[in-house]
Colleague: 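Would you mind keeping the following structure in view while I ask a few things?
The figures here come from the full heavy-atom set of this structure, side chains too, leaving out hydrogens, waters and symmetry mates. It should be emphasised that the depicted structure is a prediction, and the values quoted were computed from it without experimental measurement.
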Amino acid sequence: MEIQDEVDLLEPQESLTVSANSAVDRALSWLLDTQYEDGYWAGILESNACMEAEWLLCFHVLGIANHPMSRGLVQGLLQRQRADGSWDVYYGARAGDINTTVEVYAALRCQGYAADHPDIKRARDWIQLQGGVKQVRVFTRFWLALIGEWPWEETPNLPPEILFFPRWFPFNIYHFAAWARATLVPLCILSARRMVVPLNKKSCLQELFPEDRSAVVALGKKAGAWSTFFYHADRALKKYQRTFKRPPGRQQAIKMCLEWILRRQDADGAWGGIQPPWIYSLMALKAEGYPVTHPVMAKGLAALDAHWSYERPGGARFVQACESPVWDTLLSSFALLDCGFSCTSSSELRKAVDWILDQQVLLPGDWQQKLPTVSPGGWAFERANVHYPDVDDTAVALIVLAKVRPDYPDTARVNLAIERGLNWLFAMQCRNGGWGAFDKDNDKDLLTKIPFSDFGETIDPASVDVTAHVLEALGLLGYRTTHPAVAKALEFIRSEQENDGCWFGRWGVNYIYGTAAVLPALASLNMNMNQEFIRRAANWILGKQNNDGGWGESCASYMDDTQRGRGPSTASQTAWAMMSLLAVDGGTYAESLLRAETYLKTTQTPEGTWDEPYYTGTGFPGYGIGRREIKRQRSLQQHAELSRGFMINYNLYRHYFPLMALGRLAALRGA
């Protein structure tokens, strides 16, 4: 087909235009109906069964018997058990996950399920087939230690004295990623206190240890010289602590950890905007003598009922690992703008922008440890997390504000918010030209070698997708490739391109997401989109289109290169691919776009949204260094099941991304 013929496909043919507009109208109606009164959107954030299992275990550790939520959490766990008896990390995973399965097993036994219960037996049989509990990660060992089923001696030593370490020292807590840091501090208290609340005799997990426990629980060495060094250093430190029951400065260190935790409780009662620091902080406070009736504890537990948990049919209750109202509101607003909405024509968009402006973080945070003279100005991802604004949300906030600035009634307010956000973003640029998520130059690989760091990422280096979103914002605000920060960022992006043309997705699945972040950013900078490296990326996207017209990519692609850009079609990934092609040349790729549009129209539900059980969001894919690895390392200790990873199904991704894509396609057609 000639290019001219393809371009004709983009003409507003009557039948196609009516159909497309109908799909957009239904999607817009659904989106506006789900907006909260205050102007924001908040979709459910689904993850894995560790969330519910760990809360059940936490209730046990806190001494909360028969919590009102327990029955629903148990029901949710049973609903998610796989046919082989295991639990997995993401929907459609090839195999179950040993860590999740052991934690769920322990939680169900804690709730009174007998060892010979059919569901328990199936889980135990599966665990033994995988080599037993000796295969579990550090975090799972911590949970087993808390309930008396694993010796604290065989968990990585986390001395609270870490808070004494100066900034120049490699193991200063501010060199850990924000999420790891906020989790590490309460764990230091639990580790130092060796807190144990044993299960009763009927619920203990002896059946998981058919052999000598000492052979099962020994903390193994990771491959590599540094890992071996840290293994022996960990053993030496434990010997020192056995000799000196109260090491000098221990009480002061615990007090500092406790104060650090108390200062960082979020307004809604949680910590860090995510589950791990929240749940470990509650238990650390318990270890220090705080009763569950203490205002800090009561506030932390109340958040669980307020908005973190949700119900599903069959009496099941689930708990979100995080909340995404800022992210969801930004992207929903972006979708409305792509569909031609403005602040003057839409009260819904105006309310959303008002809410977004109110969310700008103007308080100090951990990021200032490296940038003490920089003023705040970012946006956070979650509802009440002011301590950890992130670059990605800030970039998308600036995109939205740049688009609404011409018709928002209070121009001065928008300009001030943009100025503050820009100053913060420029200060957060890393030395390699990219941007990380929460901190500047948070990339000390040495931290990934310590025994504690076997669960995923402990550092937060620059990533292509975050960097691309910053560049898209800068382009919309008038910056071009000659600006030093932009030029440096483009060098970083070019250096990270894969040989076949795509880019790795750090915060979304996976190469489709990374590529879909880069191409619109380059277009925003008014770059020549006919350059070879750009066309190579677009053609990679084109070559991954499924027969049904959609695109999909499995979470397995983080470990299995044969799955790059491959998987069952999803609404969100189809939209990402469409926006990639539209950014490069909607005419050349018109036939592919028409097939994708047909896929979205035919899979749209009568209510106007889309069904998407697949996980297309990424908490972390389980790479120790937090970024792509050109050569897979055996030390990762995971396969396509992503035992070290944390994957996410953002329930609104299936909606606002297709709406963006359809809106942009309609705008290109002039429909």
Colleague: For Ala556, which residues count as a side chain to side chain contact (heavy atoms under 4.5 Å, CB included) partner, sequence neighbours excluded?
Modeller: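 Expected list: Tyr90, Arg94, Ser554, Gln563, Ala640.
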Colleague: Please check if the side chain of Thr570 supplies one atom and the backbone of Gln573 the other of a donor-acceptor pair under 3.5 Å.
Modeller: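 Answer holds: yes.
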Colleague: For Gly272, does its backbone N or O pair with a side-chain atom of Asp266 as donor and acceptor, under 3.5 Å?
Modeller: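 Side chain of Asp266 to backbone of Gly272, a donor-acceptor pair under 3.5 Å: yes, one is there.
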Colleague: Does a salt bridge link Glu498 with Arg536, judged by any charged N lying under 4.0 Å from a carboxylate O?
Modeller: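 No, this pair does not count.
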Colleague: Take atom CG of Asn547 as the centre, draw a 6.0 Å sphere, and report whether it contains more than 12 heavy atoms from other residues, nucleotides or ligands.
Modeller: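 Atom CG in Asn547 is not packed in, count stays at 12 or less.
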Colleague: When you measure from the side chain of Ser524 to the backbone N and O of Leu476, does any donor-acceptor pair fall under 3.5 Å?
Modeller: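 Present.
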Colleague: Closer than 3.5 angstrom, by distance alone: can the side chain of Trp551 be matched with the main-chain N or O of Ile541 as a donor-acceptor pair?
Modeller: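 Between the backbone of Ile541 and the side chain of Trp551 there is a qualifying donor-acceptor contact (under 3.5 Å).
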Colleague: Just jot down the side chain to side chain contact (heavy atoms under 4.5 Å, CB included) partners of Thr609, sequence neighbours excluded, or say none.
Modeller: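 Partners of Thr609 by the side chain to side chain contact (heavy atoms under 4.5 Å, CB included) criterion, ordered by chain and then number, come out as Trp30, Thr605, Arg654, His655.
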Colleague: For Trp355, is there any backbone N or O sitting under 3.5 Å from a side-chain donor or acceptor partner on Gln359?
Modeller: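 Such a contact is found between Gln359 side chain and Trp355 backbone.
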Colleague: Does any part of the side chain of Arg413, heavy atoms only, come nearer than 4.5 Å to the side chain of Tyr408, both counted from C-beta?
Modeller: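 Tyr408 reaches Arg413 side chain to side chain.
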Colleague: How close do Gly501 and Ala537 get, heavy atom to heavy atom, and via which atoms?
Modeller: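 Closest pair (atom of Gly501, atom of Ala537, distance): O-CB, 3.1 Å.
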Colleague: Do His387 and Phe438 have their ring centres less than 6.0 Å from each other?
Modeller: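 Ring-ring flag for His387/Phe438: false, centres at least 6.0 Å apart.
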Colleague: Salt-bridge test for Arg595 and Asp548: reply yes if a basic N is under 4.0 Å from a carboxylate O, no otherwise.
Modeller: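 Judged by the 4.0 Å cut-off on N to carboxylate O distance, Arg595 and Asp548 do not form a salt bridge.
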Colleague: Could you tell me whether the side chain of Glu472 reaches within less than 4.5 Å of the side chain of Leu522, counting heavy atoms only?
Modeller: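 Contact flag for Leu522/Glu472 side chains = no.
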Colleague: Return the CG to CG distance between Leu401 and Leu477, rounded to the nearest 0.5 Å.
Modeller: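 The CG atom of Leu477 is 8.5 Å from CG of Leu401, to the nearest 0.5 Å.
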Colleague: Which residue pairs pass the salt bridge (charged side-chain N to carboxylate O under 4.0 Å, His left out) test with at least one member in residues 375-385, sequence neighbours excluded?
Modeller: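 Residue pairs with at least one partner in residues 375-385: Glu323-Arg383.
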Colleague: Which distance, rounded to the nearest 0.5 Å, do you find between the CG of Asp358 and the CH2 of Trp379?
Modeller: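 The distance works out to 11.0 Å.
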Colleague: By salt bridge (Lys or Arg N to Asp or Glu O under 4.0 Å), which residues pair with Arg167, not counting sequence neighbours?
Modeller: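 Arg167 satisfies salt bridge (Lys or Arg N to Asp or Glu O under 4.0 Å) with no other residue.
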Colleague: Less than 4.5 Å apart, side chain to side chain, heavy atoms only: is that true for Trp424 and Val391?
Modeller: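 Trp424 vs Val391: side chains touch.
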Colleague: Verify, without hydrogens or angle tests, whether Asn649 (side chain) and Tyr615 (backbone) share a donor-acceptor contact under 3.5 angstrom.
Modeller: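 Side chain of Asn649 to backbone of Tyr615: no pair is present.
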Colleague: Going by atom types only, do Ser592 and Gln545 share a side-chain donor-acceptor pair under 3.5 Å?
Modeller: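 Indeed, the side chains of Ser592 and Gln545 share at least one donor-acceptor pair under 3.5 Å.
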Colleague: Name all residues meeting the salt bridge (Lys or Arg N to Asp or Glu O under 4.0 Å) criterion together with Glu496; count only those two or more places apart in sequence or in a different chain, and write none if there are none.
Modeller: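 By the salt bridge (Lys or Arg N to Asp or Glu O under 4.0 Å) rule, Glu496 matches Arg628.
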Colleague: Would a 4.5 Å heavy-atom cut-off, applied to side chains only, mark Asp585 and Met529 as touching?
Modeller: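 No; the side chains remain at least 4.5 Å from each other.
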Colleague: Keeping the roles fixed (side chain from Thr515, backbone from Ile512), state whether a donor-acceptor pair exists under 3.5 Å.
Modeller: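 Checked: no pair found.
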Colleague: NE2/His483 to CG/Leu525 distance, rounded to the nearest 0.5 angstrom?
Modeller: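 The distance works out to 11.5 Å.
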Colleague: For a quick check under 3.5 Å, do Thr618 and Tyr558 share a side-chain donor-acceptor pair by atom type?
Modeller: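 Yes, side-chain donor-acceptor contact under 3.5 Å.
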Colleague: Using ring-ring contact (aromatic ring centres under 6.0 Å, His included) as the criterion, list what pairs up with Trp576, not counting sequence neighbours.
Modeller: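 By the ring-ring contact (aromatic ring centres under 6.0 Å, His included) rule, Trp576 matches Tyr513, Phe657.
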Colleague: Between Thr329 and Ser332, does any side-chain donor sit less than 3.5 Å from a side-chain acceptor?
Modeller: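 Not at all, the side chains of Thr329 and Ser332 share no donor-acceptor pair under 3.5 Å.
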Colleague: Cut-off 3.5 Å, side chains only: do Trp367 and Tyr174 have a donor facing an acceptor?
Modeller: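 Result is no, nothing qualifies.
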Colleague: Is it the case that Arg564 and Asn510 place a side-chain donor and acceptor less than 3.5 Å from each other?
Modeller: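 Their side chains do not contain a donor-acceptor pair, so the 3.5 Å distance test is not met.
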Colleague: Is the closest basic N to carboxylate O distance between Arg506 and Asp465 below 4.0 Å?
Modeller: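 Answer for the salt bridge query: no.
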Colleague: May I ask you to decide whether Lys351 forms a salt bridge with Glu37, counting only side-chain N to carboxylate O separations under 4.0 Å?
Modeller: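 Salt bridge flag = yes for Glu37 with Lys351.
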Colleague: Treating Arg566 as the side-chain partner and Gly552 as the backbone partner, does any N or O pair qualify as donor plus acceptor under 3.5 Å?
Modeller: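 Judged by distance alone, no pair lies under 3.5 Å.
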Colleague: With sequence neighbours excluded, tell me which residues meet salt bridge (Lys or Arg N to Asp or Glu O under 4.0 Å) with Asp439.
Modeller: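 Checked Asp439 against salt bridge (Lys or Arg N to Asp or Glu O under 4.0 Å); matches are Arg181.
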Colleague: Ignoring hydrogens and angles, state whether a donor on the side chain of Thr616 or Ser572 is under 3.5 Å from an acceptor on the partner side chain.
Modeller: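 The criterion, which ignores hydrogens and geometry beyond distance, is satisfied for Ser572 and Thr616.
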Colleague: Centroid separation under 6.0 Å, is that true for the rings of Tyr91 and Tyr614?
Modeller: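 For Tyr614 and Tyr91, the ring centres are under 6.0 Å apart.
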Colleague: Is the NZ or CZ atom of Arg494 both under 6.0 Å from the centre of the six-membered ring of Phe533 and within 45° of that ring's axis?
Modeller: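 Cation-pi check for Arg494 and Phe533: passes.
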Colleague: Hey, does the side chain of Trp503 reach the backbone of Ile493 with a donor-acceptor pair shorter than 3.5 angstrom?
Modeller: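 Yes, because the side chain of Trp503 sits within donor-acceptor range (under 3.5 Å) of the backbone of Ile493.
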Colleague: Determine whether more than 12 heavy atoms belonging to other residues, nucleotides or ligands lie under 6.0 Å from atom CG of Asn530.
Modeller: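 Correct, the count exceeds 12.
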Colleague: Considering residues at least two apart in sequence or located in another chain, which fulfil the salt bridge (Lys or Arg N to Asp or Glu O under 4.0 Å) criterion with Asp354?
Modeller: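 Testing Asp354 for salt bridge (Lys or Arg N to Asp or Glu O under 4.0 Å), a comparison that skips the adjacent residues, returns Arg350.
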Colleague: What orientation do Trp327 and His469 show, parallel under 30°, tilted 30 to 60°, or perpendicular over 60°?
Modeller: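 Tilted, since the angle between the ring planes falls between 30° and 60°.
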Colleague: With sequence neighbours excluded, tell me which residues meet side-chain hydrogen bond (donor to acceptor under 3.5 Å, both in side chains) with Tyr656.
Modeller: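 For Tyr656 the side-chain hydrogen bond (donor to acceptor under 3.5 Å, both in side chains) partners, ignoring immediate neighbours, are Asp328.
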Colleague: Give, for atom CH2 of Trp179 and atom CD1 of Ile274, the distance between the pair rounded to the nearest 0.5 Å.
Modeller: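 Going from the CH2 atom of Trp179 to the CD1 atom of Ile274 covers 8.5 Å.
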Colleague: Under the rule for side-chain hydrogen bond (donor to acceptor under 3.5 Å, both in side chains), what residues qualify as partners of Arg405, not counting sequence neighbours?
Modeller: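 With neighbours one apart ignored, the set is Asn415.
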Colleague: Quick check: does any side chain N or O of Lys444 sit under 3.5 Å from a backbone N or O of His175, one acting as donor and the other as acceptor?
Modeller: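 Not at all, since once roles are kept as given, no pair shorter than 3.5 Å links the two residues.
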Colleague: My understanding is that only residues two or more places apart in sequence, or in another chain, count here; which of them pass side chain to side chain contact (heavy atoms under 4.5 Å, CB included) with Ala571?
Modeller: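 Side chain to side chain contact (heavy atoms under 4.5 Å, CB included) check on Ala571 returns Leu600, Trp610, Glu612, Pro658.
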Colleague: Sequence neighbours excluded, which residues qualify as side chain to side chain contact (heavy atoms under 4.5 Å, CB included) partners of Phe646?
Modeller: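 With neighbours one apart ignored, the set is Ser47, Asn48, Met51, Ala321, Phe620, Ile648.
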